[in-house]
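Below: the structure, in structure tokens.
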Amino acid sequence: RTVQEGRLCHSLHSYFIRPGDPKLPIVYKVERDRDGASFTTRRIVAIQKGRPIFNMAASFQVPEDGLEHAITPPSDVPHPDGLESDSEWSRRNAPQAPEPWRTIWLTRERPLDVRAVESDEDFFNPQKRPPQQRHWVRLAAPLTPEQAADPVLQRCLFAYASDMTLLDTCLAPHGISWANPALQSASLDHAIWFNQTPNMNDWHLFDQDSPMAGGGRGINRAIVHDINGRPVATLMQEGLIRYRP
């Protein structure tokens, strides 16, 4: 809202400092660092109970033409129409799940349609596998044509979706479930570079890997392609994966 209309966010770098309370309001403090001829830079602090819980630096740019190249998307990925959605998987596995997972899987509405290319059949006792995974993601309910034409809304929705599966990647080699009470996990920081405006009504392939983990933290990254193979965004995230058997 402080950025000149027509300038789109091309990158953001965020840090999660303290847990937030979803029942309380959040005050956002925005610093106008720079308004240049092509770029605009902002610093944002989210405040709750009088203390910062999150901060972010974001850069916006006037759209322009330039040099272009892109890597080729993976060729061995099945089409999402032939894969089971996470909501279908949850309903199928809910009868064997303990509480509170059973109730959550049966009753919670999901804003995103997420379909894993590789998945663990046993959520509570996953098998160790390489630190790589791929997911197809789109909105569960499509935007109206007017909403879909808004590039700011599309990028905000993509930013929300980008945190759904990324941290899972660094847990894959260790065979540890999110439900394991010995695991303390959280996003520490999260970065997005937008290559183009996504269309969240359509499928996006999150091609994710984790190059390393150590010191109670795991690094995760992803290149996101649209259904036509064009790169939409690049993601990086460091997460807390503190395991205390």
Side-chain angles (χ1 to χ4, degrees), residues 9-20 53-59 70-74 76-77 80 83 86 89 110-120 123-138 155-180 182-196 198 200 203-226 229-244:
C9 181
H10 69 88
S11 69
L12 59 86
H13 302 261
S14 56
Y15 285 87
F16 300 90
I17 304 169
R18 294 183 177 93
I53 64 170
F54 170 89
N55 64 41
M56 180 169 74
S59 182
I71 66 169
T72 304
D76 59 341
V77 180
L83 299 173
D86 62 339
W89 183 97
R110 296 171 181 263
L112 299 169
D113 186 349
V114 180
R115 305 192 179 191
V117 176
E118 308 91 1
S119 63
D120 292 303
F123 172 78
F124 300 96
N125 296 285
Q127 298 296 310
K128 294 182 179 181
R129 51 189 174 85
Q132 299 170 326
Q133 59 173 356
R134 295 167 294 183
H135 290 83
W136 288 101
V137 180
R138 69 177 176 185
R155 292 180 187 223
C156 289
L157 291 168
F158 179 91
Y160 174 79
S162 71
D163 194 36
M164 290 295 118
T165 63
L166 197 54
L167 187 54
D168 302 16
T169 318
C170 64
L171 286 179
H174 307 284
I176 299 173
S177 169
W178 287 110
N180 190 322
L183 177 68
Q184 181 186 4
S185 62
S187 298
L188 295 174
D189 58 58
H190 193 89
I192 304 175
W193 293 265
F194 287 100
N195 306 116
Q196 60 182 330
M200 293 304 293
W203 291 109
H204 292 77
L205 176 66
F206 284 64
D207 187 15
Q208 302 152 112
D209 71 355
S210 175
M212 67 83 60
R217 306 182 314 278
I219 294 289
N220 306 274
R221 61 186 179 184
I223 297 177
V224 184
H225 300 268
D226 66 14
R230 295 176 299 180
V232 171
T234 303
L235 313 176
M236 289 288 294
Q237 183 187 80
E238 185 176 41
L240 176 70
I241 49 170
R242 182 178 286 147
Y243 186 65
R244 293 171 170 164

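- Taking OG1 of T169 as the reference point, atom CZ of F206 lies at 11.0 Å (rounded to 0.5 Å).
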I'd like to know whether T165 forms a side chain to side chain donor-acceptor pair (under 3.5 Å) with Q208, so could you lay out the CA-CA distance, the side-chain angles of the two residues, the decisive distance to 0.1 Å, and finally the verdict. CA-CA 9 Å; T165 63; Q208 302 152 112; 2.7 Å; yes
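- The backbone N or O of V77 sits nowhere less than 3.5 Å from a side-chain atom of R134 that would complete a donor-acceptor pair.
- At a threshold of 4.5 Å between non-hydrogen side-chain atoms, the residues D209 and R221 count as touching.
- A donor-acceptor contact closer than 3.5 angstrom links the side chains of W178 and D168.
- Interatomic distance, CG of L183 versus NE2 of H174, reported as 10.5 Å (0.5 Å rounding).
- The CG atom of L235 lies 5.0 Å from the CZ atom of F158; values are rounded to the nearest 0.5 Å.
- Minimum heavy-atom separation, C9 to S11: SG-O, 3.4 Å.
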Run the side-chain donor-acceptor check on residues 184-196: report pairs under 3.5 Å with partners two or more places apart or on a different chain.
unit_1, atom_1, unit_2, atom_2, d
Q184, OE1, R242, NH1, 3.0
S187, OG, D163, OD1, 3.2
S187, OG, Q237, NE2, 3.2
D189, OD1, E238, N, 3.2
H190, ND1, Q237, NE2, 2.9
H190, NE2, S162, OG, 2.9
N195, OD1, A233, N, 3.2
Q196, NE2, P231, O, 3.2

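- Closest approach of K128 to G175, counting heavy atoms only: CG-N, 3.7 Å.
- To the nearest 0.5 Å, the span separating CD1 on I176 from CG on N125 amounts to 12.0 Å.
- Residues L166 and Q133 approach most closely at O-NE2, 4.5 Å, considering heavy atoms.
- Side chain of N220 to main chain of C170: a donor-acceptor pair is present (N/O by atom type, distance under 3.5 Å, no hydrogens or angles).
- Nearest heavy atoms, H204 versus P198: NE2-CB, 3.6 Å.
- A 4.5 Å side-chain heavy-atom check between P74 and L205 finds at least one atom pair inside the cut-off.
- Put simply, the side chain of D113 reaches to within 4.5 Å of the side chain of W203, judged on heavy atoms.
- Counting heavy atoms of neighbouring residues, nucleotides and ligands inside a 6.0 Å radius, atom OH of Y15 does not exceed 12 of them.
- The NE2 atom of H135 sits 12.5 Å away from atom CZ of R115, with the distance rounded to the nearest 0.5 Å.
- Summarising the geometry, atom CG belonging to L167 is positioned 7.0 Å from atom CD1 belonging to I241; distances are rounded to the nearest 0.5 Å.
- Minimum heavy-atom separation, A172 to P131: CB-CA, 4.4 Å.
- Here the closest heavy-atom approach between residue H225 and residue T72 is recorded as CE1-C, 4.5 Å.
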